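One structure below.
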Protein chains: 2
Amino acid sequence: MDRFVSTFTNKIDAKGRVSIPASFRAVLERDGYAGGIAGGLYCYPSLDAQALDAGGERLAKKIDGLLAGLPDYSDERDELSVALYGDVQVLSIDGDGRIVLPENLRAHANLDAAVSFVGLGEKFQMWEPKLFEARRAEARSKVQVTRKLFAAGSRPSNDGGDEGARE
Amino acid sequence: MDRFVSTFTNKIDAKGRVSIPASFRAVLERDGYAGGIAGGLYCYPSLDAQALDAGGERLAKKIDGLLAGLPDYSDERDELSVALYGDVQVLSIDGDGRIVLPENLRAHANLDAAVSFVGLGEKFQMWEPKLFEARRAEARSKVQVTRKLFAAGSRPSNDGGDEGARE
DNA sequence: CGGGCCTTTATGGGATCGCATGGGATTTGA
DNA sequence: TCAAATCCCATGCGATCCCATAAAGGCCCG
């Protein structure tokens with residue numbers, strides 16, 4: 001497995017520690033996190049949500065790539081740099097697979113007693129469980145619409161064509 | 001056989017385990033189930049039914065393909081990512097061909113004592129038996145109508161199509 | 001054509017392993 | 001020296017593996 005999938009909810013203990021889901025850890029290790037010290041978990045406030053984005057080397061490279069696409073010294077680039085790099089924290093993962101979330105990050109995502117880890121393929125997000133529930137419901141209803149568009153033929157793309165159309 | 005066909009109903013035991021019908025297992029294996037590391041069963045709540053959708057690598061690729069077409073950091077992509085990846089669970093299949101359904105999935109499909117596995121070609125669904133009975137009855141009556149249309153002369157392809165509901 | 005054996009498959013239960021979690025010990029930095 | 005962060009070990013629960021039993025269906029042989 002080389003992508004973050006599924007969602008898991010873990011508790012924050014008295015010391016502020018949270019276990020990263022074992023399957024996510026596996027992805028991170030394969031991603032170049034090798035050894036632990038060198039790598040680390042890249043983590044920053046989501047740009048458009050009350051949540052945190054996190055990932056391994058691959059995610060870091062992606063951000064680099066994104067910036068590389070913009071002209072040097074452009075305002076756009078500066079803004080993105082600040083928005084992305086400025087708030088990035090490299091969290092270390094302890095021997096038991098746990099991290100400690102710095103105060104500013106916890107504040108941004110409203111994290112308190114527990115964290116929902118949400119796999120999004122190449123990265124994952126960390127949400128306050130109740131907030132995520134709401135977000136998921138919203139995403140679901142929007143996808144209903146998107147789907148109807150697919151079915152209507154605006155987006156052929158894939159083979160069988162049917163996919164969800166059924167039902 | 002490389003498509004999921006027919007319907008089978010199996011029990012959920014005290015530990016929450018269910019046997020996947022042998023013929024479905026065969027399809028999964030042929031689907032590259034072996035290749036995909038820690039290969040498993042991709043499973044998520046049906047977007048428009050009180051049931052679960054499931055499939056193998058082929059289904060996973062389809063989801064990826066859908067997302068690949070959207071630009072990074074677009075709202076659209078975020079929505080889909082959350083709705084799809086976030087809800088998707090990768091269930092592992094034990095040595096006896098059984099899976100355990102996580103609580104949230106069981107809740108969505110109202111699964112309790114037994115599960116009806118319904119082949120839909122490239123994927124299959126898991127229904128609460130009684131709910132599926134009702135659904136099937138409904139599908140039947142609709143097919144009656146469709147049939148009259150056929151008879152009227154339209155004559156579509158019928159690739160064994162869905163409706164597989166039959167046993 | 002019929003009967004019995006043998007393989008496949010579903011299901012149940014016991015044992016084991018891994019993971020999340022909690023608490024103490026130890027080190028680091030001020 | 002004290003506080004805070006880090007490491008290490010203990011534990012409980014849930015998940016996973018393995019084996020046993022049973023029912024069903026297919027096959028071979030009479």
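Letters A, B, ... are given to chains in the order of the sequence lines, protein chains preceding strands, and every chain is numbered from 1. Since this is a predicted model, take the numbers as computed values, not measurements.
If you take CD1 of Ile12(B) and C1' of dG13(C), they are 18 Å apart, rounded to a whole angstrom. Here dC19(C) presents its C1' atom at 13 Å from CG of Asp94(A), a figure rounded to the nearest Å. Atom CG in Leu105(B) sits roughly 13 Å away from atom P in dA15(D) (whole-Å rounding). Between Ile93(A) atom CD1 and dC8(D) atom C1' the separation is 18 Å, expressed in whole Å. Whole-Å rounding puts the Leu91(A) CG to dA5(D) P distance at 13 Å. The CD1 atom of Ile99(A) sits 14 Å away from the C1' atom of dA20(C) (whole-angstrom rounding). Between the CG atom of Asn10(A) and the P atom of dG14(D) there is a distance of 14 Å, given to the nearest Å. Rounded to whole angstrom, the span from the CD atom of Glu103(A) across to the C1' atom of dA5(D) amounts to 15 Å.
Using a cutoff of 4.0 Å between basic side-chain nitrogens and carboxylate oxygens, Arg3(B) and Glu122(B) are not scored as salt-bridged.
Nucleic acid contact for Ile20(B): sugar-phosphate only, since backbone atoms but no base atoms lie under 4.0 Å from a heavy atom of the residue.
Note on ring orientation: taking the six-membered ring where Trp is involved, the planes of Phe24(A) and Phe4(A) are perpendicular (angle over 60°, cut-offs 30° and 60°).
Remark: the Glu128(A) side chain and the Asn110(A) side chain contain no N/O donor-acceptor pair separated by less than 3.5 Å. When only modelled atom types and interatomic distance are considered, Thr7(B) and Ser116(B) share no side-chain donor-acceptor pair under 3.5 Å.
The side chain of Arg25(B) places an N or O atom within less than 4.0 Å of a non-bridging phosphate oxygen (OP1 or OP2) of dA10(C). Distances shorter than 4.0 Å separate none of the side-chain N or O atoms of Ser92(B) from OP1 or OP2 on dA15(D).
In terms of position along DNA chain D, the nucleotide closest to Arg98(A) lies nearer the 5' end than the nucleotide closest to the other residue of the pair Arg98(A) and Arg17(B). Nearest-nucleotide positions on DNA chain D place Val100(A) closer to the 5' end than the other of Val100(A) and Asp96(A).
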